[in-house]
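Every chain is numbered from 1 and lettered A, B, ... according to where its sequence line falls, protein lines coming before strand lines.
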Amino acid sequence: MANKVYADAKSALEGLCSDGMTVMSGGFGLCGIPENLIVALRDSGVKEITVISNNAGVDGWGLGLLLETKQIKKMISSYVGENKEFARQYLAGELELEFNPQGTLAERCRAGGAGIAGFYTKTGVGTLVAEGKETKVFNGETFVLETGLVADLSIVKAWKGDKEGNLIFRKTARNFNPMMATAGKKCVAEVEILVETGELDPDAIHTPGIYVDRIVKGNFQKRIEQRTVRQRESA
Amino acid sequence: MAWSRDQLAQRAAKELRDGFYVNLGIGIPTLVANYIPDGVEVTLQSENGMLGMGPFPYEDEIDADLINAGKQTITALEKTSYFSSSDSFAMIRGGHIDLSILGAMEVSDRGDLANWMVPGKMVKGMGGAMDLVAGVKRVVVVMEHTSKDGASKLLKQCTLPLTGVNVVDLVITDLGVFEIDKYGSQPMKLIQLADDVTLEEMTAKTAAPFVNALR
């Protein structure tokens with residue numbers, strides 16, 4: 001049985017990076033992003049990447065790191081409002097951008113990983129998103145054809161994983177990670193806790209190890225974008 | 001006096017029904033959670049992958065793995081469940097969410113909605129808005145009645161790129177409330193005026209045709 005466990009994020013990406021590649025990167029905002037693998041991707045020096053990710057990180061963290069070094073050629077995202085360097089590069093014509101509605105983006109990744117070439121959705125009918133795309137009427141309602149997405153590499157973040165690559169996500173850090181794990185030709189997962197095979201409850205596994213080629217235990221900052229709290233009423 | 005942001009949220013909260021699954025947009029819609037009427041229990045969905053959203057955490061409860069769609073830290077409830085983004089939008093697109101309350105830049109009298117893009121300005125993206133308006137059973141818009149330069153945001157036809165076509169059921173502005181017959185041909189109905197707003201003022205400030213159906 002091939003060993004899936006790598007010592008660090010850098011070695012986990014060895015041999016998987018080439019200029020012009022397409023990378024799926026899990027996470028929503030900064031929640032559940034593969035922060036170690038993003039740094040390793042930057043350090044690999046790979047250029048002209050197309051990145052499929054719901055968001056584009058923030059200045060100085062997450063995918064924002066790959067924008068600073070201009071390693072990203074194109075982004076496929078649903079919302080990129082948290083990043084000044086992104087706006088600067090986009091407005092200067094240095095960065096291509098394809099907006100997908102969030103649910104369409106999630107489903108495109110799911111479909112890509114499941115071998116489904118395309119699907120019809122109500123989302124975006126009659127808007128810019130549907131321009132140039134085939135539409136079809138089902139039961140009197142118009143749907144637009146969207147295609148499945150695949151990537152050369154997907155990088156995902158889970159809470160726990162075992163040496164087989166089985167993954168368990170935690171709370172809302174799950175987000176895009178499970179679908180993206182299925183849609184990369186190669187998938188590398190980083191986890192907070194790496195356990196021996198057999199220690200995870202098979203009924204609790206979110207992503208079966210078949211989708212995960214390499215796994216690495218990371219060190220996490222887990223930054224928070226909007227720290228919102230309430231005050232305890234004084235007794 | 002036109003309604004304040006909190007009064008708008010309070011009026012929108014009257015659209016909640018006991019047992020509803022609800023998705024609240026960013027901005028004024030988020031405030032609706034503060035005004036859930038007595039005897040009404042709703043379950044809030046957050047499209048990043050959570051059902052049963054609780055209030056903001058106390059300082060010592062903050063969890064980086066637990067955020068809402070506005071990327072704010074939040075808490076869970078006893079009934080909470082977590083799921084992937086594709087499951088989340090299956091709920092939304094599949095018509096399982098009862099009500100969505102969203103902000104808007106423009107709404108037409110046919111229920112077209114524009115709330116994601118101003119050409120020539122940096123576009124941040126539509127996020128989940130297009131999926132929500134396409135799939136949720138009932139869509140309520142909460143917005144200022146006019147733009148900063150005083151132009152009506154209720155129009156015969158939207159001028160900005162659309163988020164959805166024939167999607168809005170009810171519009172609540174700081175001046176009043178309109179019902180929209182989104183699939184039919186009936187004109188928009190004015191059903192309520194904000195405190196001290198006159199029909200004359202409403203007519204002067206509304207570019208879309210409407211009929212007076214004040215109750």
Side-chain angles (χ1 to χ4, degrees), chain A residues 28-32 54-56 77-83 86-88 90-91 97 99-111 121-129 142 159 169-179 206 220-232, chain B residues 46-50 53 55-76 80 82-93 95 112-114 116-117 119 121-135 161-167:
Chain A
F28 180 93
L30 297 180
C31 181
N54 189 56
N55 312 97
S77 303
S78 87
Y79 189 82
V80 295
E82 332 283 356
N83 196 314
F86 187 102
R88 192 201 65 72
Y90 177 68
L91 293 171
L97 173 59
F99 277 127
N100 282 190
Q102 198 173 319
T104 296
L105 183 63
E107 190 63 12
R108 290 185 75 191
C109 296
R110 198 195 70 79
T121 175
K122 287 188 281 193
T123 302
V125 170
T127 75
L128 288 177
V129 162
T142 305
W159 175 48
F169 304 96
R170 185 172 176 273
K171 302 187 179 180
T172 56
R174 190 180 321 182
N175 54 63
F176 281 80
N177 285 297
M179 297 81 74
H206 297 126
F220 292 89
Q221 297 188 15
K222 294 176 56 164
R223 293 194 191 174
I224 293 172
E225 269 178 82
Q226 306 283 341
R227 182 176 284 267
T228 44
V229 295
R230 59 181 162 148
Q231 302 302 321
R232 281 201 166 81
Chain B
S46 187
E47 65 264 27
N48 50 321
M50 177 182 194
M53 188 165 48
F56 292 143
Y58 296 117
E59 187 70 39
D60 55 13
E61 292 178 329
I62 287 178
D63 185 340
D65 289 339
L66 185 44
I67 63 166
N68 64 16
K71 284 120 187 167
Q72 296 172 310
T73 47
I74 43 154
T75 56
T80 295
Y82 303 109
F83 33 83
S84 71
S85 303
S86 61
D87 283 333
S88 179
F89 283 93
M91 274 172 214
I92 289 167
R93 222 190 287 102
D112 297 351
L113 168 69
W116 76 284
M117 179 180 186
K121 291 200 177 164
M122 179 59 203
V123 181
K124 294 179 172 184
M126 69 291 279
M130 286 191 182
D131 306 279
L132 283 161
V133 299
L162 296 178
T163 307
V165 176
N166 305 137
V167 292

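- When heavy atoms are compared at a cutoff of 4.5 Å, B/Ile92 does not approach chain A at all.
- For the atom pair NZ (A/Lys222) and CG (B/Asp63), the distance works out to 6.5 Å, reported to the nearest 0.5 Å.
- Residue contact with chain B, scored on non-hydrogen atoms closer than 4.5 Å, involves the backbone and the side chain of A/Val80 alike.
- Put simply, CG on B/Asp65 and CD1 on A/Ile224 are 9.0 Å apart, with the number rounded to the nearest 0.5 Å.
- Most heavy-atom pairs under 4.5 Å with chain B: of the set A/Met179, A/Glu107, A/Glu82, this distinction falls to A/Met179.
- The minimum heavy-atom distance linking B/Leu66 with A/Thr172 is given by the pair CA-OG1, 3.4 Å.
- Among B/Ser84, B/Ser46, B/Gly128, the residue making the largest number of heavy-atom pairs under 4.5 Å with chain A is B/Ser84.
- At a threshold of 4.5 Å between non-hydrogen side-chain atoms, the residues B/Met126 and A/Tyr79 do not count as touching.
- With a 4.5 Å cut-off on non-hydrogen atoms, B/Thr80 does not touch chain A at all.
- No other option in B/Met117, B/Glu47, B/Arg93 has as many heavy-atom pairs under 4.5 Å with chain A as B/Arg93.
- Shortest non-hydrogen contact noted between A/Arg110 and B/Ser86 is CD-OG, 3.9 Å.
- Nearest approach of A/Glu225 to B/Lys71, heavy atoms of both residues: OE2-CG, 3.8 Å.
- Most heavy-atom pairs under 4.5 Å with chain B: of the set A/Gly126, A/Ala173, A/Pro101, A/Ala106, this distinction falls to A/Pro101.
- Contact annotation for A/Phe176: both backbone and side-chain heavy atoms come within less than 4.5 Å of a heavy atom of chain B.
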Please report the C-alpha distance between A/Arg227 and B/Ile62 in whole Å, then the side-chain angles of each, then the deciding distance to 0.1 Å, and finally whether the side chain to side chain contact (heavy atoms under 4.5 Å, CB included) criterion is met.
-> CA-CA 8 Å; A/Arg227 182 176 284 267; B/Ile62 287 178; 3.3 Å; yes
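- With chain B as the partner, the residue from A/Asn177, A/Asn83, A/Asn100 showing the most heavy-atom pairs under 4.5 Å is A/Asn100.
- In plain terms, the two heavy atoms of B/Tyr82 and A/Arg174 that are nearest each other are O-NH2, 3.4 Å.
- Looking only at heavy-atom pairs under 4.5 Å with chain B, the residue among A/Asn55, A/Leu97, A/Leu105 that has the most is A/Asn55.
- Contacts between B/Val167 and chain A at a heavy-atom distance below 4.5 Å are absent for every atom of the residue.
- Of all heavy-atom pairs spanning B/Asp131 and A/Gly103, the tightest one is OD2-N, 2.9 Å.
- For the residue pair A/Thr228 and B/Thr73, the shortest heavy atom distance occurs at O-OG1, 2.7 Å.
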Evaluate side chain to side chain contact (heavy atoms under 4.5 Å, CB included) for A/Arg232 paired with B/Asp60, printing each intermediate quantity in order.
-> CA-CA 11 Å; A/Arg232 281 201 166 81; B/Asp60 55 13; 3.4 Å; yes
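- To the nearest 0.5 Å, atom OG1 of residue B/Thr75 and atom NZ of residue A/Lys171 are 9.5 Å apart.
- In terms of heavy-atom pairs under 4.5 Å with chain A, the best-connected choice from B/Phe56, B/Trp116, B/Phe83 is B/Phe56.
- Heavy-atom distances place the side chain of B/Glu61, and not its backbone, under 4.5 Å from chain A.
- No other option in B/Ala76, B/Gly49, B/Pro161, B/Ala134 has as many heavy-atom pairs under 4.5 Å with chain A as B/Ala134.
- Within 6.0 Å of NZ on B/Lys124 lie no more than 12 heavy atoms contributed by other residues, nucleotides or ligands.
- Heavy-atom distances place no part of A/Ser77 under 4.5 Å from chain B, backbone and side chain included.
- For B/Asn68, the part sitting under 4.5 Å from any heavy atom of chain A is the backbone (N, CA, C, O) and nothing else.
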